[in-house]
Undergrad: 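The structure that follows is given in the form of structure tokens.
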Amino acid sequence: MKSRTIKIYLTYFVSFFAISTIAQKTEPQKSPLKLWYERPANSWMKEALPIGNGYMGAMFFGGPEEEHIQFNEESLWTGGKGEWDQYNGGNRENAHKHLPEVRRLLDAGKYEEAHQLANRELTGTIKADKGNNIWEGFGAYQTFGDLFVKPEESGTFTDYSRELDISDAVATIKYTVNGTKHKREYFANYPSRTLVFRFENDSPDGIDYIINQTTVHKNVTFEYNKNQLIMSGHLENNGMGFESRVLIESDGEKVTFLDDKLKVKAAKSLTLYLTAATDYKNEYPTYKGRDYISMNKETIAKVRQRGYDNLLMEHKKDYSNLFSRVNFKLETMDTNNIPTDERLTAYASGKKDPSLETLYFQYGRYLLISSSRPGTMPANLQGKWNDKTNPPWASDYHSNINIPMIYWPAEVTNLSECHEPLIEYIDKLRPPGRKSAKDFFNAEGWIVNTMNNPFGYTAPGWDFPWGFFPGGAAWYSRHVWEHYQYTQDLNFLKKKGYPIMKEAALFWLDYLTKDSNGNLVSSPSYSPEHGGISTGAYMDIEIAWDIFNNCIKATDVLENDMAFKKELVLAKAKLLPLKIGKWGQLQEWKEDIDDPENKHRHVAHLYALHPGNQINALQTPELIDAARVSLDARGDDGTGWSIGWKINFWARLFDGNRSYKLLRRAMAITLDDGVNMTDGGGVYANLFSTHPPFQLDGNMGATAGIAEMLLQSHSGEIHILPALPESWPTGTISGLKARGGIEVDIEWKEGRLRTVRIKSIMTQAINVHYDGETVVLNLKEGETLDLDEVLKIID
């Protein structure tokens, strides 16, 4: 179809078409949005199911003989003993003095010598105990404890069902023993900061329950007081104080407490209300000072007053306010009556299951809502779910892809509030990040390297070079700019967003150096997590371009800081230009040394394609082709997050079939729970994405990728169904967000767009693209435009 521009103005439509509102949506689907199984879980990682309220997370197994509930509180971390001041056991303030020599060696081509010097002098070594906990000196996210609830009865269970309904975030377990029906109901209440577990049976006389709480941490005490089981203690590593409280309610006889266990006799109903906290406070440099005991007492007092029914109602209303904003439906098939693990096995064999794909999309949103809410810490590598004291990669905050990926779905899937914890965390990293920028590079601004944690660790460290990534702050700052773009919150941009971005840009103005051709490059530089130390790895250049470009746009919006804008414009123009190499690839390094046979999982140099927008189909077609060559050469295998990133890459390349192929790869069921850095990606039976092991980023990358297949707005214009795969001929999605504060509903049939409904929070003009056509719209604040008639012209 020949491309043409059709100019349509909203005022022409308001009187002719009924104006519908985005809020008038059908109720979210119930049956398709359940994970359910016909047997209890045996594996925490592969089978147990997650609930969470942002502050806490829990995994439940559903055993009829004994329920096992493992739980976490977000701030229980080892470490914190002044990591920001550690540097090879010496004086980190002098680290930057070695930078000129490292650069000289790199310019001379003496890469090994440069690497050794940088490794010795430019990285802050983490003092790690190589025994039981290799992250001892850095800090690792900790399991908090375990609850066990044992019904005292004998007999074989039948009619078993274990499910998690993500439409209302309520888990249910049902089974029968000797004619007695049992039902359990679990949920995580965010407003009341509580995890709630109810056990019911229809025995005429009730049954006895044994409640036992355990923890792997030492120096812990248990007491039972005023119907509360209280666990309190301090971590050995850093002295962090912690406490959990379980309020017990039942219709049975008086509760007895013996040998740290509770016994409830003759109960037909038993309810446990769990809350937990630590003395952690995100204030540099002490990170201590919260009155966690008073906080827990206050929480329990409110819970006791409110009761189960009110808490459940409060939870459903609060959760639904977020989750129900987006509805996604594809072709209906009779698969919802099949257990989720069996559906995954069939799916892996090639069977179609569109509603499993919509479930996986919405599961990503469920996990984000459950692990990241205003006032909480951001989701870490495993969200808020971890059963270890020594989790893989410390379950920390990795800035070079993982944590950014976890938050990719936040804005586009209409969960801006869930983005706020990351932005608050980023803001709190600035003070220690300034110190690291000055100590290691004698630069202004602030930095974050690959690994960072709640105690302000921002320095380069661990095994250089993969721990060396000063671009982390600028990548994090993209999230700040994205939050503004989607929300159009000018006050946020002025008071918080732009100051964060400006300081990240200041570092790059200082750190960049001229090469022999006069181009600005980074040195030393490292392409995560690939290759060796170099000058001018392109991910650095693309991130510098990105932070400069976004700051320039921000100054235009705010109409201030023009002198700084001028400085950024000049620096941006001098950045090393992106290059196309000898086999048509987008170069990863300044030198044309890319290996077409290399299948490395980290495609760092495509940052400019996604999440950046330096490369896009409208403005840089030659670079788009080069990115496609690079991506094709890397192949479709990888870890969970790598596959998730590739789904987004191919969507940006408008290749929906390739994105869909990768989505099916991402959803391939696996039993591998070891560490596989090459081709181990997939999902477990509980839909957790695998690195392996479990990492939340793979789930989020896939959810963001699906949204990217259906709606794009990174180029400043809206693309409708830019990468619709042939496998989704008919479907609807409502409530997706585009940049500019625009909400979009889309319906398509037999591969063709049928309806688009657009609502803007502000008056603005916008270009809307579909299948080679452009519609120019003038949108009015708060009004919704139904484009059915426009689409008839396009057809």
Side-chain angles (χ1 to χ4, degrees), residues 30-31 33-42 47-49 51 58-69 71 146-189 194-213 224 227-229 246-257 261-274 303-304 306-316 336-337 339-340:
K30 296 295 184 183
S31 179
L33 294 180
K34 287 184 180 180
L35 290 73
W36 73 278
Y37 309 83
E38 292 182 323
R39 57 186 178 82
N42 291 314
E47 297 176 330
L49 293 173
I51 60 172
M59 299 285 285
F60 66 93
F61 289 70
E65 298 90 352
E66 183 176 53
E67 177 60 279
H68 179 192
I69 300 166
F71 68 95
D146 297 79
L147 278 173
F148 298 90
V149 181
K150 181 178 180 61
E152 288 204 305
E153 60 180 350
S154 59
T156 303
F157 66 89
T158 60
D159 304 321
Y160 182 90
S161 175
R162 174 174 57 101
E163 68 178 40
L164 173 62
D165 189 337
I166 64 171
S167 68
D168 60 9
V170 176
T172 308
I173 298 161
K174 295 179 181 179
Y175 62 93
T176 301
V177 175
N178 293 335
T180 298
K181 293 182 179 179
H182 292 256
K183 179 183 178 182
R184 303 173 188 171
E185 195 168 59
Y186 308 153
F187 61 91
N189 181 305
T194 308
L195 305 182
V196 183
F197 310 98
R198 168 161 281 194
F199 298 76
E200 295 178 308
N201 66 82
D202 66 356
S203 172
D205 301 319
I207 63 173
D208 298 346
Y209 291 92
I210 300 293
I211 303 167
N212 184 27
Q213 184 175 351
Y224 183 65
N227 294 333
Q228 297 176 57
L229 178 59
V246 183
L247 174 65
I248 294 96
E249 288 183 350
S250 81
D251 61 359
E253 299 177 8
K254 184 178 180 180
V255 179
T256 58
F257 183 54
K261 295 181 181 180
L262 296 171
K263 185 167 186 177
V264 182
K265 297 197 66 173
K268 300 179 70 173
S269 175
L270 168 67
T271 307
L272 310 180
Y273 305 91
L274 170 64
V303 165
R304 191 192 299 269
R306 302 208 63 198
Y308 182 85
D309 290 337
N310 287 329
L311 288 171
L312 179 59
M313 183 169 57
E314 178 185 59
H315 158 69
K316 287 185 175 182
N336 297 319
N337 62 335
T340 304

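Here the structure is a predicted model, which is why all the values come from computation and not from measurement.
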Undergrad: Please determine whether side chain to side chain contact (heavy atoms under 4.5 Å, CB included) holds for the pair L312 and V170, giving the CA-CA distance in whole Å, both sets of side-chain angles, and the decisive distance to 0.1 Å.
TA: CA-CA 9 Å; L312 179 59; V170 176; 4.1 Å; yes

Undergrad: Scan for side chain to side chain donor-acceptor pair (under 3.5 Å) pairs involving residues 154-164, sequence neighbours excluded, and state none if there are none.
TA: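 Of all non-adjacent pairs touching residues 154-164, those that pass side chain to side chain donor-acceptor pair (under 3.5 Å) are K34-E163.
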
Undergrad: If we ignore hydrogens and angles and just use 3.5 Å, is the side chain of N201 paired with the main-chain N or O of K181 as donor and acceptor?
TA: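 Answer holds: no.
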
Undergrad: Do L274 and T194 touch side chain to side chain, with heavy atoms closer than 4.5 Å?
TA: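 Contact flag for L274/T194 side chains = no.
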
Undergrad: For P151 versus I207, what's the shortest heavy-atom pair and its separation?
TA: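 That closest heavy-atom pairing would be CB-CD1, 3.7 Å.
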
Undergrad: Are the side chain of H68 and the backbone of N42 linked by a donor-acceptor contact shorter than 3.5 Å?
TA: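 No; zero donor-acceptor contacts below 3.5 Å.
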
Undergrad: Is a side-chain N or O of D251 found less than 3.5 angstrom from the main chain of K268, in a donor-acceptor match?
TA: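 Such a contact is found between D251 side chain and K268 backbone.
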
Undergrad: OH of Y37 to CG of L164: how many Å apart, nearest 0.5 Å?
TA: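 Y37 atom OH to L164 atom CG measures 8.0 Å (nearest 0.5 Å).
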
Undergrad: Are L311 and F187 packed together at the side-chain level, in the sense that at least one heavy-atom pair is separated by less than 4.5 angstrom?
TA: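 Yes, close enough: below the 4.5 Å cut-off.
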
Undergrad: Measure the CG-CG distance between D208 and L270 for me, rounded to the nearest 0.5 Å.
TA: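 Rounded to the nearest 0.5 Å, the CG-CG separation comes to 11.0 Å.
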
Undergrad: I'd like to check F197 versus I51 (side-chain heavy atoms, cut-off strictly below 4.5 Å). Are they in contact?
TA: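 Side-chain contact under 4.5 Å: yes.
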
Undergrad: Give, for atom OG of S203 and atom NE2 of H182, the distance between the pair rounded to the nearest 0.5 Å.
TA: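 Rounded to the nearest 0.5 Å, the OG-NE2 separation comes out at 7.5 Å.
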
Undergrad: Step by step, would you call F199 with L272 a side chain to side chain contact (heavy atoms under 4.5 Å, CB included)?
TA: CA-CA 9 Å; F199 298 76; L272 310 180; 4.2 Å; yes

Undergrad: Please give me the minimum heavy-atom distance between A48 and M59, naming the atom from each residue.
TA: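 Result for this residue pair: O-CE, 3.5 Å.
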
Undergrad: What's the spacing between L262 CG and F257 CZ if we round to 0.5 Å?
TA: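 Rounded to the nearest 0.5 Å, the CG-CZ separation comes to 6.0 Å.
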
Undergrad: Examine distances only and state if a side-chain atom of E67 and a backbone atom of F148 form a donor-acceptor pair shorter than 3.5 Å.
TA: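 No, the answer is negative, given that no donor and acceptor are paired below the 3.5 Å cut-off.
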
Undergrad: Any non-hydrogen side-chain atom of K261 less than 4.5 Å from a side-chain atom of K150?
TA: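 With C-beta onward as the side chain, the pair stays apart.
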
Undergrad: Between L49 and Y186, does the side chain to side chain contact (heavy atoms under 4.5 Å, CB included) criterion hold? Intermediate values first, please.
TA: CA-CA 11 Å; L49 293 173; Y186 308 153; over 6 Å; no

Undergrad: Can you tell me how far apart CG (L147) and CG (L229) are? Round to the nearest 0.5 Å.
TA: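 Reported to 0.5 Å precision, the distance equals 7.5 Å.
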
Undergrad: Is there side-chain contact between N227 and R304, with heavy atoms separated by less than 4.5 Å?
TA: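 In short, these two side chains touch, coming nearer than 4.5 Å.
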
Undergrad: I would like to know whether I211 and V246 meet side chain to side chain contact (heavy atoms under 4.5 Å, CB included); could you show each step before the answer?
TA: CA-CA 10 Å; I211 303 167; V246 183; 5.8 Å; no

Undergrad: Keeping W36 on the side-chain end and T172 on the backbone end, is there a donor-acceptor pair under 3.5 Å?
TA: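 Pair absent, no side-chain N/O of W36 close to backbone of T172.
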
Undergrad: Any heavy-atom pair between the side chains of E185 and E200 that's under 4.5 Å?
TA: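 Counting from C-beta outward, E200 and E185 never come under 4.5 Å.
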
Undergrad: Taking all non-hydrogen atoms of both residues into account, name the closest pair between R184 and G62 and its distance.
TA: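 Reported closest heavy-atom pair: NH1-C, 3.9 Å.
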
Undergrad: Between Y175 and F157, how do the two ring planes meet: parallel, tilted or perpendicular, split at 30° and 60°?
TA: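 Ring orientation, 0 to 90° scale: perpendicular.
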
Undergrad: Tell me, do R306 and Y273 make a side-chain contact under 4.5 Å, heavy atoms counted?
TA: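 Side-chain contact under 4.5 Å: no.
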
Undergrad: Apply salt bridge (Lys or Arg N to Asp or Glu O under 4.0 Å) to E249 and list each qualifying residue two or more places apart in sequence or on a separate chain.
TA: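 If we apply the salt bridge (Lys or Arg N to Asp or Glu O under 4.0 Å) test to E249, skipping adjacent residues, there are no hits.
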
Undergrad: Got N178 and E153 here, is their nearest side-chain heavy-atom distance under 4.5 Å?
TA: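 Contact flag for N178/E153 side chains = no.
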
Undergrad: Search all heavy atoms of V264 against all heavy atoms of S250 and return the closest pair with its distance.
TA: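 Scanning both residues, the minimum pair turns out to be CG1-OG, 3.4 Å.
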
Undergrad: At what distance, to the nearest 0.5 angstrom, does CD1 of I210 lie from NZ of K265?
TA: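 One finds 9.5 Å between CD1 of I210 and NZ of K265.
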
